[in-house]
Amino acid sequence: MSVPDKPSIDGLEEKWSAAWEADELYRFDRSKSREEIYSIDTPPITASGSLHVGHVFSYTHTDLVARFQRMRGREVFYPMGWDDNGLPSERRVQNFYGVRCDPSLPYDVDFTPPVDGAKAKDQVPISRRNFVELCDVLTAEDEQAYEAVWRRLALSVDWSEPYRTIGSHPRAISQKAFLRNLARGDAYQAEAPTLWDITFRTAVAQAELEDRERPGAYHRIGFARVDGGGEVWIETTRPELLPACVALVAHPDDERYQPLFGTDVRTPVFGVKVPVLAHRLADPDKGSGIAMICTFGDLNDVTWWRELQLPMRAILGVDGRLLPDPPDDVDASAYSRVTGKTVFAAREETVAMLQEAGALEGDPKQITHPVKFYEKGDRPLEIVTTRQWYLRNGGRDGELREALLARGQALNWHPPHMQVRYEHWVNGLTGDWLISRQRYFGVPFPVWYRLDDAGEPIHDDLLLPDETSLPIDPSSDCPPGYIESQRGQPGGFVGDPDVMDTWATSSLSPQIAGGWTFDDDLMARVFPMDLRPQGQDIIRTWLFSTVVRSHLEFGVTPWANAAISGWILDPDRKKMSKSKGEVITPIALFDEYGSDAVRYWAASARLGTDAAFDVGQMKIGRRLAIKALNASNFALTLGATPDLAAVTEPLDRSLLAALATVIEDATKAFAGYDHTHALKVTETFFWTFCDDYVELIKERGYGSHGEAGAASAKATLGTALSVLLRLFAPFMPYVTEEVWSWWQKGSIHRADWPTVDEVKLSDLTGTEATLLTLIGVALSKVRGAKSTAQVSMRTPVSRAVVRAAAGDIERLQTVSHDLAAAGRIEQIEFEPTDDSEITIDVTM
RNA sequence: GGGCGAUUAGCUCAGCUGGUCAGAGCGCUCGCCUCACACGCGAGAGGCCACUGGUUCAAGUCCAGUAUCGCCCACCA
């Protein structure tokens with residue numbers, strides 16, 4: 001045993017994180033059986049930019065569970081993954097190096113990124129392969145920085161094999177899962193109106209949408225009736241879509257428009273004859289009660305277009321500009337004034353034309369209305385008809401939807417009400433999952449198309465790779481039976497240019513971490529997993545999509561438990577913004593308060609509950625860590641040694657009896673994913689232990705009450721210390737490990753979780769546990785008297801008279817020597833009274 | 001418009017299936033250099049548990065409604 005003279009929490013993080021790494025303390029032992037293993041589906045994090053305190057918060061929650069389960073004897077499978085494909089990485093590369101991807105450029109072997117590219121005004125166009133290489137380099141660097149933070153936070157993950165979603169195996173697994181989806185009919189391609197981000201020039205999925213309030217204006221536009229019966233006035237915020245108009249629509253019960261149903265009107269300026277139709281989705285209270293249907297202004301247009309079987313007059317290209325050629329029936333000279341223009345410019349021009357034609361009534365009426373955005377974009381989404389890949393997710397299939405809802409019910413949600421969010425989302429799906437993205441850095445679709453004699457792809461004629469050849473890149477690999485020279489040639493082939501949505505890969509995180517089809521032995525030992533920890537914001541994406549993939553591939557729910565962490569809020573109760581969160585870096589917090597303290601802050605927030613960013617809580621955590629160090633130092637210096645047989649003193653018996661309850665409560669709470677309660681009961685007991693118990697037995701421990709009395713105190717101190725350190729170990733891994741190393745063999749993090757048996761005394765009576773509380777009250781009275789007299793706590797008391805109920809007096813008398821010693825009372829007397837309150841007359 | 005959650009001392013939060021539950025910590029006040037810890041210790045003051053009804057012998061604790069805040073979904077002509 002080696003207890004330092006002056007213990008300090010400084011330097012513990014460097015010391016122990018290095019030791020844990022050297023000892024491979026958290027290395028997963030795959031020889032264990034499924035029953036012995038506790039497996040965690042760690043969220044693969046996007047390592048673009050810097051870690052946010054919110055990440056520290058939720059990842060700590062997971063680590064608490066991991067450490068608890070490990071100490072309980074489970075072999076914990078706790079991998080780490082990086083979600084490095086996708087738009088965030090691309091954007092980071094663009095900004096960091098000052099480059100942009102131009103797929104038409106050839107690969108440049110000697111390419112080096114521009115110096116100071118981040119400050120350059122214009123981004124350098126580079127080939128897709130060069131771009132992907134830069135993504136690869138930069139994400140790897142970012143991931144190392146993240147790993148350093150995670151290690152400092154003491155996440156007990158097995159760092160031996162972190163996966164990257166852009167890595168070879170994950171890519172292969174993603175492609176393989178897709179091919180199997182395709183073979184089963186779960187995946188299909190369709191040419192359909194698609195929500196489209198014109199900045200990124202990619203399709204986006206329903207799960208990635210968000211609404212934002214934007215200014216707009218109602219334009220009141222007159223359509224001439226073909227029968228000469230005057231004009232029909234509609235109101236629209238999108239006048240530039242007039243050339244895309246295919247019909248007008250009003251509610252079937254709307255008496256104002258009933259006479260018009262079935263008749264035709266003519267679009268102003270562009271002169272197209274369109275029908276007036278009835279549909280239940282038309283809202284009589286909106287605008288003039290009659291709307292123009294365009295291909296396409298919003299999702300309602302898509303519904304009307306589909307259900308009313310209207311023609312297509314597409315005018316918007318994938319670049320967000322109006323197409324060069326007018327749609328069918330549209331006046332070419334009028335259209336020539338808007339062709340090639342952006343939506344905004346086209347709107348101005350169309351309004352001008354309408355005014356010239358006298359078809360615009362009054363001034364546009366300014367309003368604010370919600371507009372759909374891609375969550376990572378900053379321009380409104382448009383709807384463009386494109387060919388895309390979809391994966392069935394119950395959005396168009398009641399039976400599948402029910403099955404997925406049942407999967408959600410089979411999951412233990414922590415907290416339970418989070419299940420509602422899942423069900424809400426599944427019930428609100430309006431279509432299948434669009435998984436293709438017109439991007440560069442991602443997992444490519446493992447698909448080629450045969451080209452016809454004119455060199456056009458035949459989309460029904462898929463050329464697929466053999467599973468064993470995965471991963472493949474169809475833009476550089478050839479389909480079986482073809483050679484590279486046939487690429488792009490009539491009768492040859494062409495690769496699918498798209499990559500998969502990042503969720504299409506991260507939804508396979510259990511398969512990736514478990515080594516599905518590459519290491520089926522491992523997969524069988526860890527899957528279905530025990531725990532999926534994640535944020536509430538990605539229930540609709542990551543959680544749901546993982547359930548979908550698991551259901552389609554294996555027919556099971558992928559985990560037993562889902563632990564959902566809340567948000568971090570600013571002190572002003574607003575969700576902590578990205579910019580603010582990035583100002584406060586986790587490293588700075590570790591430096592100032594210590595990792596144990598930051599973990600303490602995170603641990604004091606329950607799952608599913610938003611928590612304030614509160615450095616006050618970190619200060620408390622820091623204080624607790626220092627206290628643990630000092631109290632341990634004292635107890636061990638005194639000679640604390642666990643030995644139940646030596647515990648004879650009433651107060652000591654009482655402490656252990658109370659500790660048994662703490663073990664019970666903390667264990668039950670932890671097992672039920674209530675780490676907050678586990679921490680609370682342990683912490684509360686610990687402070688009583690320090691402030692009351694240790695003070696009460698101090699003198700006796702030094703030998704003032706004989707050998708047996710001292711031995712009893714030391715044995716109790718030893719037992720309690722051992723238990724308390726282990727109860728704290730998941731929360732404060734550094735300080736507990738440090739203290740453990742002074743007097744125990746091995747790491748505390750591989751020690752056994754404490755059990756009631758360790759502190760169980762024979763012939764314990766029911767009330768013994770409360771003796772500690774009783775003497776605590778008495779001690780407080782003595783201290784109060786000294787405090788009131790404004791004297792030091794070590795001021796001697798010549799005489800003290802304790803008055804309390806007879807029963808309490810009887811029990812207090814059994815510990816009077818401890819009370820007298822702690823209060824420096826020379827003469828102590830007891831008087832039973834009828835009052836239930838304890839009072840002490842103190843003479844100094 | 002539909003839904004979920006929250007509303008307890010100045011602040012951050014505990015209060016499980018109704019009856020010592022009106023609590024903790026921080027902050028504040030007043031003391032104390034007590035030989036583990038001044039990165040400390042002790043003692044205090046502070047709340048009619050958002051509001052209105054209801055159920056009950058008994059309600060922060062259950063029910064209904066209202067208000068405020070946060071979030072999700074829908075709408076977006």
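All chains are named by letter (A, B, ...) in the order of the sequence lines, taking the proteins before the strands, and each is independently numbered beginning at 1.
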Which part of the nucleic acid, if any, lies within contact of A:Ala282, taking any heavy atom under 4.0 Å across all strands shown: a base, the sugar-phosphate backbone alone, or nothing? base
Any base atoms under 4.0 Å from A:Ile564, or only sugar-phosphate, or nothing? Heavy atoms, all strands. nothing
OP1 or OP2 of B:rC41 under 4.0 Å from side-chain N/O of A:Lys627: yes
Do any side-chain atoms of residues 289-296 of chain A form donor-acceptor pairs under 3.5 angstrom with protein atoms, and if so which ones, sequence neighbours left out?
residue: A:Thr295; atom: OG1; partner: A:Arg313; partner atom: N; Å: 2.9
residue: A:Thr295; atom: OG1; partner: A:Arg313; partner atom: O; Å: 2.8

Can any side-chain N or O of A:Thr60 pair as donor or acceptor with the backbone N or O of A:Val56 at less than 3.5 Å? yes
What's the closest nucleotide to the side chain of A:Asp211 if the choices are B:rC75, B:rC39, B:rC41? B:rC75
Distance, rounded to the nearest Å, where A:Lys619 contributes NZ and B:rC11 contributes C1': 13 Å
Does NZ or CZ of A:Lys698 lie under 6.0 Å from the centre of the six-membered ring of A:Phe634, at an angle within 45° of the ring axis? yes
Can you tell me which nucleotide in B:rA36, B:rG42, B:rA77 comes closest to the side chain of A:Ala291? B:rA77
Taking atom C1' in both B:rG3 and B:rC11, what distance in whole Å separates the two? 31 Å
If you look at every strand shown and take non-hydrogen atoms under 4.0 Å, does A:Arg212 touch a base, only sugar-phosphate, or nothing? nothing
Checking N1-N3 plus N6-O4 or O6-N4 for Watson-Crick, or N1-O2 and O6-N3 for wobble, each under 3.5 Å, the partner of B:rG1 is B:rC73
With rounding to the closest Å, how many angstrom separate the C1' atoms on B:rA36 and B:rC30? 26 Å
Has A:Arg623 got its NZ or CZ under 6.0 Å from the middle of the six-membered ring of A:Trp687, at an angle within 45 degrees of the ring axis? yes
Between B:rU12 atom C1' and A:Ile568 atom CD1, what is the distance in whole Å? 13 Å
With a 4.0 Å cut-off on heavy atoms, is A:Val249 in touch with a base, just the backbone sugar-phosphate, or nothing at all? nothing
Of the listed nucleotides (B:rG42, B:rA77, B:rU12), which one gets closest to any side-chain atom of A:Glu235? B:rA77
OP1 or OP2 of B:rA77 versus the side-chain N and O atoms of A:His219: is any pair under 4.0 Å? no
Using the side-chain heavy atoms of A:Ser780, tell me which of these nucleotides is nearest: B:rA43, B:rC75, B:rC71. B:rA43
For A:Tyr593, is the NZ or CZ atom of A:Arg622 found under 6.0 angstrom from the centre of its six-membered ring and inside 45 degrees of the ring axis? no
What does B:rU56 pair with, Watson-Crick or G-U, if both distances are under 3.5 Å? none
B:rC32 to B:rC71 separation - P atoms, rounded to the nearest Å: 49 Å
With both distances under 3.5 Å as the test, what is the Watson-Crick or G-U wobble partner of B:rA43? B:rU29
Does A:Asn630 use its side chain to pair, donor to acceptor, with the backbone of A:Ile626 at less than 3.5 Å? yes
Can a donor-acceptor pair be found, under 3.5 Å and without considering hydrogens, that links the side chain of A:Gln534 to the backbone of A:Ile538? yes
Does the side chain of A:His279 pick up a donor-acceptor pair with the side chain of A:Glu307 at under 3.5 Å? yes
To the nearest angstrom, the CG-P distance between A:Leu299 and B:rC73 comes to 14 Å
To the nearest angstrom, the CH2-P distance between A:Trp425 and B:rC72 comes to 11 Å
Strictly distance-based, threshold 3.5 Å: is any side-chain N or O of A:Ser632 a donor or acceptor partner for the main-chain N or O of A:Ala628? yes
Between B:rC33 and B:rA22, how far is it from one P atom to the other, in whole Å? 37 Å
Check this for me: does any side-chain nitrogen of one of A:Arg379 and A:Asp197 sit under 4.0 Å from a carboxylate oxygen of the other? no
How would you label the contact of A:Trp687 with the nucleic acid (heavy atoms, under 4.0 Å): base, sugar-phosphate, or nothing? sugar-phosphate
Taking OH from A:Tyr600 and P from B:rC39, how many angstroms apart are they, rounded to a whole number? 20 Å
For A:Glu382, is there an ion pair with A:Arg238 - N to carboxylate O distance below 4.0 angstrom? yes
Have a look at A:Gln419 and say if it touches a base, only the backbone sugar-phosphate, or nothing, with a 4.0 Å heavy-atom cut-off. nothing
Decide, for B:rG44, between syn and anti: a glycosidic angle within 90° of 0 counts as syn, anything else as anti. anti
Please classify the nucleic acid contact of A:Asn427 as base, sugar-phosphate, or nothing, using heavy-atom distances under 4.0 Å. nothing
Can you give one letter per nucleotide of nucleotides 29-34 of chain B, 5' to 3': B if a protein heavy atom sits under 4.0 Å from the base, S if only from the sugar-phosphate, - if neither? -SSS-B
Taking a pair as Watson-Crick or G-U wobble with both distances under 3.5 Å, which nucleotide is matched to B:rU66? B:rA50
Under 4.0 Å, counting only non-hydrogen atoms across every strand here, what does A:Tyr422 touch: a base, just sugar-phosphate, or nothing? nothing
Say you pick atom P in B:rU8 and the same atom in B:rG54; how far apart are they, in whole Å? 24 Å
Round to the nearest Å and state the distance from A:Phe634 atom CZ to B:rC37 atom P. 10 Å
For the pair made of CZ in A:Phe670 and P in B:rC16, what is the distance, rounded to whole Å? 21 Å
What distance, rounded to whole Å, do you find between the two P atoms, one in B:rC16 and one in B:rC21? 11 Å
Which whole-number value in Å describes the distance from A:Lys286 NZ to B:rC75 C1'? 5 Å
Residue matched to B:rG23 through Watson-Crick or wobble contacts both under 3.5 angstrom: B:rC13
Would you say A:Thr237 places a side-chain N or O within less than 4.0 Å of OP1 or OP2 belonging to B:rA77? yes
Between A:Lys781 and A:Gly608, which is nearer to the 5' end of RNA chain B once each is assigned its nearest nucleotide? A:Gly608
Does a side-chain N or O from A:Arg783 land closer than 4.0 Å to OP1 or OP2 of B:rC41, or not? no
Which nucleotide in B:rC41, B:rG2, B:rA14 has an atom nearest any side-chain atom of A:Asp691: B:rC41
Under 4.0 Å from OP1 or OP2 of B:rA36: is there any side-chain N or O of A:Tyr702 that close? yes
Assess the residue pair A:Phe686 and A:Phe728 against the criterion (ring pair (Phe, Tyr, Trp, His ring centres under 6.0 Å)); give the C-alpha distance rounded to whole Å, side-chain angles, the decisive distance to 0.1 Å, and a yes or no. CA-CA 10 Å; A:Phe686 176 69; A:Phe728 274 135; 5.4 Å; yes
Is there any protein nitrogen or oxygen under 3.5 Å from a nitrogen or oxygen in nucleotides 20-27 of chain B, and what are the pairs?
residue: B:rC26; atom: OP1; partner: A:Arg623; partner atom: NH2; Å: 3.0

Could you tell me whether B:rG19 is syn or anti, where syn means a glycosidic angle within 90 degrees of zero? anti
Would you mind telling me which of B:rG3, B:rG5, B:rA36 lies closest to the side-chain atoms of A:His424? B:rG3
Quote, to the nearest angstrom, the C1' distance that separates B:rG10 from B:rC4. 30 Å
Applying the Watson-Crick and G-U wobble criteria at under 3.5 Å, what pairs with B:rC35? Answer none if nothing qualifies. none
Provide the distance between the two C1' atoms, one in B:rC63 and one in B:rG18, to the nearest whole Å. 13 Å
Please confirm whether the ring centroid of A:Trp601 lies under 6.0 Å from the ring centroid of A:Phe57. yes
Using the side chain to side chain contact (heavy atoms under 4.5 Å, CB included) definition, which of the options A:Glu361, A:His219, A:Lys365 pairs with A:Glu235? A:Lys365
